[in-house]
Amino acid sequence: MRMGGIRVPHRKNTAQCQSVRLGVPAAVTIPMSMHIGKYARVTVSKGDTVKVGQLIGEADGFVSSNIHSSVSGTVRKIDEIMTSSGVRVPCVIIDSDGKQEKYEKLSVPEVKDFDSFVKAVKESGVVGLGGAGFPSFVKLNVHDLERVEAVIINAAECEPYITSDTRTMVEKGSYVFKGIELLKKYMGIRRFIIGIESNKTEAVRIMQSLADETEGVEIHVLPSVYPQGGEKVLIYNTVHRLIPRGGLPLDAGVIVVNVTTLAFIAEYMETGMPLVEKCITVDGSAVKEPKNVIAPIGMSIIDVAKAAGGLKCEPAKVLYGGPMMGITVPSMDEPILKNTNAVIFMDKKEAAPPKITACISCGACAAHCPFRLDPRSIARAYKLEDGAALERLGVDLCMECGCCSYVCPAHRPLVQTNKLGKQMLRRYLSAEQAKRENALKERAEKERQEKEAEK
Amino acid sequence: MSNLISSVSPHFFTKRNTRMIMLDVIIALLPAAVASVIVFGPRSLLVTGACTASCIIFEFGFEKLCRRENTIGDLSAVVTGILLAFNLTVSIPIWQAVFGSLVAIVVVKQLFGGIGQNFANPAITARIVMMVAFSGSMTNWVYPGTEKMPDAVSSATPLTAAAKGSLSMMPSYMDLFLGRHAGCIGETCALALLVGGIYLIIRRVISWHTPLVFIATVALMSFFCGKDPLYQVLSGGLMLGAIFMATDYSTTPHTRWGKVIFGVGCGLITVLIRFWGNLPEGVSFSILIMNIFTPYIDKLTRVRPLAGGAEK
C-alpha cells in the first residue's frame, strides 16, 4: 500500500538542460529571512565593501540561519522589503562591482566530530532547499542519534516543471554520495534511502550506479504521482511508517534531507563557499526558452527572466516553486531566495482561475488525499465553525499539497478551506484549553473556600 | 504596483468539470436510448425529449425565480430528464411526464438547494410520486411490437409475469438481455445498460462497488429464495437502478465500504419487495430508502485519516 495522490502533467521540459550560470546582476537584494525561524541580524552597514561569501546576516536564535553576500561590491542600503507572504523583512541591497571577488577569509571548515560538523553546516547558511527553508543544522543536530534508523534523501521532485534536483543528481551526483559519507562518518547513520520518481530515468541511472559502489544506500524508484516528495508521503512510501499527529519524522526514526541540500553540504565541506547561489528552473507558458540557471541569491526575478532569455509576453502570474505548492510573487522585483528552486512565469491563459461551481459530492477530493482526509466535510465543518468536527476530521494533518483542489470538478477552493480550518482548529483548541484551566481554577478556588468554611 | 495575480496554491487544475462528468453519464445512457427506440419505437424518443426539455426549463425557470445562478450548463438537468424518462412507460401521456420533471427538478432537487444538495434521487422520487398519482398509465406496460404483432399491445412485465407464475408470458434470457420485453423505456435492454456502466467505470465517473454488490445481492437472495437468479437480475429496473441511480453522487455514500453497504441494502429491499411485497418491482423504493440512510452509512464507514500514533 502506498499513499495516493494525483497524476499531474509533469512538464519537465528542462530535465535535459544543463544548468547555466547567469551573468552578475547590477545589484542584489538579500532578505534576512529566507528560512523558517527568526530573522538573521544584519552585520554590515551602508557603504561597506563586501565580497562573495562574506557574512552579512548572522543567525539569531535557535532556529535561524546565516546569510552571505552573493556578489562583491558595496552595500547601498539596509532596507525593508515586502515578501510574498506580505511581511516586511529587513534586507541588504548590494551594488555589484562585477568582479565577483571571493571573500579572502573563507576557508574549508575543519570537521572532526559531530559537533563541528553541525557547526560547519550552520556556518554554510544552508536551509532546506527543497522549498521548506528549514535551517539544515537544526534538523541534523539530533541529540539522540540512536533514534535515527535511516536518512531518507528526498529526490522525488514531484512538482510539475521543476528539474533543479534532477540537475543536482545528474551534474553533482558524486556530491550526493560525499554527503552520504559525511552523515555516515559524523552521525553514525548506516541506512540511506534515496527516493526518486520514475520519470527521472537519467538521475535514477546515475544514483543507482553510485549506490552500487556504496554500502547502505537503497534507491527507491517511486511512481510519478504527486505529492511523492511530500515528507510524510515519502516516508510512508519508502519505509512504510506513519508520523504521529503533530510529530516529526524523527518520531518515526527517520530524517528526510533534500538531495540538493545534501549535495551542497558536501560541496561546502570541500570549498568553504557558503550558500550564495542557487540552481533554479525557469519555465512556464510565458517563458521563451525554458532552462535551468544558476543565479546569485538576491538577484531579482525580472533580472533572472531577462538573463535567461526573456519572456514571450507579460506574465499574469509568477511563482516561487512549482504550480502545485508554489507561492505567487507580488512583484517581479522580488529576489531569488535560498529555498527558491524554480521560478514559473504563467501567461494569462495558464493563470486563468477556473470557475467555481457547486459541490456535486463526487468524493474525488477525499479519494485523492494522501492522508485520507475528507476536504468536503472539512469545508462544511469550517462553515459551521465546528471546532470539534475539525479536530475529528484531522484538518491539522493537511500538508496543503493541493491534490483536492486540483481534482475537484467543481473547482472548490478546498486547500483554502483546509488552511482556514487549521487556523480555526488552533483557536478552538486554545479556547478549550483555557476553558479547562478555568474550570480547574474554579474548582481549586471552591475547595479552598470549603476548607476555610470548615475551619 | 504590479498586475501580477496573487493566489493561494495550487495553480494547476484538472480540466475535468461537472459538465464533463454529466456528459459522460449522458454518453453512457445513449446505448440504452438507442435500444429503447428499437424496442419501443420512436415514441420513446418523444418521452425522453419531453422529460429532458421540461427538466431544463424547470431548472432554468426555478433558478430565475429564486435569482440563483443558472446551472443548466452543467447538464445535470439533462441527466435527470433522461433517467426519469427511462423510468416511464412508452405510452405515458406527455403532460404526466412533464409533471414528473416538475417533481424531480423543483421539489426534489431545487427545493433542497440544487445540485449536490438533494438527499433523494430526483428521477427515482419523481417516478414514485407518479406511480402513486398516475398508477394506470405508469403500469400500462406495452409489449414491444414484433413482426407477428406489429401493433403494440398491453402486456405484463417479466416480473409481473413471474409473480403471477404465468410461464407463457415469461420472455427468454436472450429476450431479457436484449430488452425485447415489456417494461419502462430505458430499463429493458440489459446489454445497453451494461455497456454504459462499463463506460462509466472506465471513465472513473462511478466505482464498481455499488452496482456489483447491488446486483450480486439480488442474485444471491433470489437463489436462496428458490427463484431464478439470472431472470431476476435481467428483469425490471435493476440494471438501470444499480448502474445509474444507486451511483448518484449526492444521494449515495462516498466511502468504499459505504458503497458496499448501500448495495447490499438496496439488493435486500429490492428482493423483499419483489418476492413478498404488493408490487412486482422494488428497485426504486430500495434506492429511495437507502438514500435516506446515506448520511448514517457515511458516518458509520468514515475513513480514519492516515496518521501514526494513537488518536488524541
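Chain identifiers are assigned alphabetically (A, B, ...) following the order of the sequence lines, protein sequences preceding nucleic acid strands; residue numbering begins at 1 within each chain.
With 3.5 Å as the limit, one finds a donor-acceptor pair spanning the side chains of A:Arg436 and A:Gln433. With hydrogens and angles left out, the side-chain atoms of A:Lys355 and A:His411 include no donor and acceptor closer than 3.5 Å. In summary, the side chains of A:Asn237 and A:Gln228 do present a donor paired with an acceptor at a separation below 3.5 Å, with no hydrogens or angles considered.
Proximity to chain B (any heavy atom under 4.5 Å) is restricted, for A:Leu373, to the side chain, taken from C-beta onward. Interface remark: A:Lys419 contributes side-chain atoms only to the contact with chain B (heavy atom separation under 4.5 Å). Heavy atoms of A:Arg241 lying under 4.5 Å from chain B are absent altogether. The contact between A:Leu319 and chain B is made entirely by side chain atoms (from C-beta outward), counting heavy-atom distances below 4.5 Å. Contacts of A:Arg7 with chain B are absent, with no heavy-atom separation under 4.5 Å from either backbone or side chain. There is no contact between A:Pro413 and chain B, counting heavy-atom distances below 4.5 Å. Neither the backbone nor the side chain of B:Arg19 comes within contact range of chain A, judged by heavy atoms closer than 4.5 Å. The contact between A:Cys408 and chain B is made entirely by backbone atoms, counting heavy-atom distances below 4.5 Å. At a 4.5 Å heavy-atom cutoff, the contact between A:Cys359 and chain B is made by backbone atoms alone. The parts of A:Ser405 that come within reach of chain B are both its backbone and its side chain, each placing non-hydrogen atoms under 4.5 angstrom from that chain. Neither the backbone nor the side chain of A:Ala366 comes within less than 4.5 Å of any heavy atom in chain B.
Put simply, the side chain of A:Ser331 gets close to the backbone of A:Asp333: a donor and an acceptor are under 3.5 Å apart.
Scanning residues 237-258 of chain B against chain A with a 4.5 Å heavy-atom cutoff picks out B:Tyr249, B:Ser250, B:His254, ordered by number. Among the residues in residues 63-79 of chain B, those with a non-hydrogen atom closer than 4.5 angstrom to a non-hydrogen atom of chain A are B:Glu69. Identified by a heavy-atom distance below 4.5 Å to chain A, the contributing residues of residues 109-129 of chain B are B:Ile115, B:Gly116, in residue-number order.
For the pair A:Phe345/A:Asp283, no side-chain contact is recorded, criterion being any heavy-atom separation below 4.5 Å from C-beta on. In this structure, the side chains of A:Pro249 and A:Ile243 come closer than 4.5 Å at one or more pairs of heavy atoms. In this structure, the side chains of A:Met346 and A:Pro315 stay at 4.5 Å or more apart for every pair of heavy atoms. Between A:Val233 and A:Met399, the closest side-chain pair of non-hydrogen atoms falls below 4.5 Å. Taking the side chain as every heavy atom from C-beta outward, B:Val303 and A:Asp374 never approach each other to under 4.5 Å.
For residues 78-87 of chain B, no residue pair satisfies the salt bridge (Lys or Arg N to Asp or Glu O under 4.0 Å) rule, not counting sequence neighbours.
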Given the rule in the salt bridge (Lys or Arg N to Asp or Glu O under 4.0 Å) test, do A:Lys348 and A:Glu314 qualify, once you have shown the distances and angles that lead to the verdict? CA-CA 8 Å; A:Lys348 225 168 154 184; A:Glu314 187 75 14; over 6 Å; no
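With respect to chain A, the highest number of heavy-atom pairs below 4.5 Å among B:Lys15, B:Arg302, B:Arg204 belongs to B:Arg302. Counting heavy-atom pairs under 4.5 Å between each of A:Pro160, A:Cys362, A:Ala364, A:Ala367 and chain B puts A:Cys362 at the top.
Under a cut-off of 6.0 angstrom, the local environment of NZ in B:Lys299 is sparse, with at most 12 non-hydrogen atoms contributed by other residues, nucleotides or ligands. Within 6.0 Å of CZ in B:Phe62 there are more than 12 heavy atoms belonging to other residues, nucleotides or ligands.
Figure legend: cation-pi geometry between A:Lys12 and A:Tyr161 absent, as NZ or CZ is not positioned both under 6.0 Å from the six-membered ring centre and within 45° of its axis.
Ion pairing between a basic and an acidic side chain is recognised when a charged N comes within 4.0 Å of a carboxylate O; A:Asp251 and A:Arg147 show such pairing. Between A:Glu350 and A:Lys317 there is no salt bridge, since none of the side-chain N atoms of the basic residue sits less than 4.0 Å from a carboxylate O of the acidic one. The pair A:Arg245-A:Asp396 counts as a salt bridge, with a side-chain nitrogen and a carboxylate oxygen less than 4.0 angstrom apart.
Of the inter-residue distances, the one linking B:Phe293 atom CZ with B:Leu300 atom CG reads 11.5 Å to the nearest 0.5 angstrom.
Heavy-atom minimum distance, A:Leu414 versus A:Cys365: CD1-CB, 3.7 Å.
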